[in-house]
Protein chains: 2
Amino acid sequence: MTKTKKSSNLTLDKQICFSLYSASNAMGRAYRPLLKELDLTYLQYIVMMVLWQHSTMNVKELGSKIHLDSGTLTPLLKRLETKCLINRLRSKEDERVMIISLTVDGRDLQHQAEQVPNEMLCKARMTMEELVALKQGCDLLLANLNNQ
Amino acid sequence: MTKTKKSSNLTLDKQICFSLYSASNAMGRAYRPLLKELDLTYLQYIVMMVLWQHSTMNVKELGSKIHLDSGTLTPLLKRLETKCLINRLRSKEDERVMIISLTVDGRDLQHQAEQVPNEMLCKARMTMEELVALKQGCDLLLANLNNQ
DNA sequence: TCAAGTTAGGTTGTGCGCAACTAAATCGCA
DNA sequence: TGCGATTTAGTTGCGCACAACCTAACTTGA
């Protein structure tokens, strides 16, 4: 057995998290020109997607679904309200709860967004197997980091 | 063959990019308490890591290495300078170039950071195979998105 | 040699993410 | 029933990311 010098762990090319971080940034940049057509940011697009599925949600439910808190969501939801894509309304049963629902404009925007996922798939230039493996890796890491 | 209704692509659970985005955010949250000990943000830690490897770099080289531009880096480098971790100095040969180098304090900080990668590995609770696969997927996506 | 073009870094403004905090409504139990 | 604890959203402040823009320094070629 040959003696080998142990090299530092503090090198950029070994950092899994830096790859994740850079890929996430690149993903955001790739979405930007597509979402500019809809006048949405990436996070706004995600929130709209949740509402296209569920129509009505309160801030807490929305936040737990997308792993963000009111500090991020409240200003974002106000911007979506300003664009007339959503309504914000206090619950009658519990005045603490803010109920978010789609406007007609917000619902209509879904049709314009229909092709966005396919356009992103083209940009990614990866096979379905590679993409599924990447998604599973991310979901596992997310679950592990959130449970401690 | 049975006729099946094609469901929308616009559902959150199908979004590979959303998994990537959420995992990247969770990663940042997991680093925060570890890096608080060093009084660094995650991006500041990344920049310091590059400098621990290379000692001296200009803004353009640094930016191409970590895929960020001067709009992000200039304010960040000024904050690192304020903390006395780096020096910023104009090149004599080309006055446009800003040369970044480590101070003694900046160099010393490396010892304090030595355990951070291992602590993150513990938090991730994933096998080396899973982590390597995740890194390769991210690197492939990043390369594909950057080359178009 | 000097004007046009290119390059490096900086500035400004917007929108996240998040911690730390606040206010108000509701809950639970003594 | 009343009051302390909890829950829900909102606010404030900081540090990214990024687009769009700016300035000064350097390069190039007619």
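Labels below follow one simple rule: chain letters A, B, ... track the order of the sequence lines, proteins then strands, and each chain is numbered from 1.
- For B/Leu89 and C/dG9, the CG to P distance is 13 Å, given to the nearest whole Å.
- Atom CG of B/Asp39 is separated from atom P of C/dA19 by 16 Å (rounded to the nearest Å).
- In this structure, the side chain of A/Trp52 does not engage the main chain of B/Thr11 through any donor-acceptor pair within 3.5 Å.
- Every stem involving DNA chain C, taken as at least 3 paired positions in a row under the Watson-Crick or G-U wobble test at 3.5 Å, is listed here: C:1-30 with D:1-30.
- For the pair B/Glu95 CD and C/dG10 P, the interatomic distance rounds to 13 Å; values are reported in whole Å.
- A/Ile46 places its CD1 atom 18 Å from the P atom of C/dG15, with the value rounded to the nearest Å.
- Relative orientation of the B/His67 and A/Phe18 rings is parallel, given thresholds of 30° and 60° on the angle between their planes.
- A sub-4.0 Å separation between OP1 or OP2 of D/dA9 and a side-chain N or O of A/Asn58 is present.
- What separates CD of B/Glu93 from C1' of D/dA24 is a distance of 18 Å, to the nearest Å.
- B/Leu89 is linked by a side-chain contact (heavy atoms from CB on, under 4.5 Å) to nothing, counting only residues two or more places apart in sequence or in another chain.
- Between A/Ser91 and A/His67, the residue anchored closer to the 5' end of DNA chain C is A/His67, taking for each the nucleotide with the nearest heavy atom.
- Summarising the geometry of B/Lys65 relative to B/Met57, their closest heavy-atom pair is CD-CE, 3.7 Å, with the distance given to 0.1 Å.
- Looking at heavy-atom distances under 4.0 Å, B/Glu61 makes no contact with the nucleic acid at all.
- In this structure the side chain of A/Leu109 never reaches within 4.5 angstrom of the side chain of A/Leu102, judged on heavy atoms.
- Shown here for A/Ser70 and A/Pro75, the closest heavy-atom pair between the two residues is O-CD, 3.8 Å.
- Nearest heavy atoms, B/Tyr45 versus B/Ala113: CE1-CB, 4.4 Å.
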Between protein and nucleic acid, restricted to nucleotides 27-29 of chain D and to nitrogen or oxygen atoms under 3.5 Å apart, what atom pairs and distances do you find?
none

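- Here the rule is side chain to side chain contact (heavy atoms under 4.5 Å, CB included) with B/Leu68, and of B/Leu43, B/Ile46, B/Leu62, B/Val59 only B/Leu43 fits it.
- Spacing between atom CZ of B/Arg29 and atom C1' of C/dA19 amounts to 12 Å, rounded to whole angstrom units.
- Spacing between atom CG of A/Asn25 and atom P of C/dC16 amounts to 15 Å, rounded to whole angstrom units.
- B/Val116 approaches B/Leu34 most closely through the heavy-atom pair O-CD1, 4.2 Å.
- Panel note: side chain B/Ser64, backbone B/Glu61; a donor-acceptor pair is recorded below 3.5 Å.
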Heavy-atom protein contacts under 4.0 Å, nucleotides 10-16 of chain D, coded B base, S sugar-phosphate only, - none: BB---SS

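- Other residues, nucleotides and ligands contribute over 12 non-hydrogen atoms within 6.0 Å of the NZ atom of A/Lys123.
- Side-chain contact between B/Gln44 and B/Lys83: present, with at least one pair of heavy atoms (C-beta onward) separated by less than 4.5 Å.
- When hydrophobic residues (I, L, V, M, F, W, Y) are linked wherever their side-chain heavy atoms come within less than 4.5 Å, the members clustered with A/Ile99 are A/Val97.
- When all heavy atoms of A/Cys138 and B/Ala23 are compared, the pair lying nearest together is O-CB, 3.7 Å.
- Residues of residues 31-38 of chain A that place a heavy atom closer than 4.0 Å to DNA chain D, in numerical order, are A/Arg32, A/Lys36.
- Whole-Å rounding puts the B/Asp69 CG to C/dG13 P distance at 17 Å.
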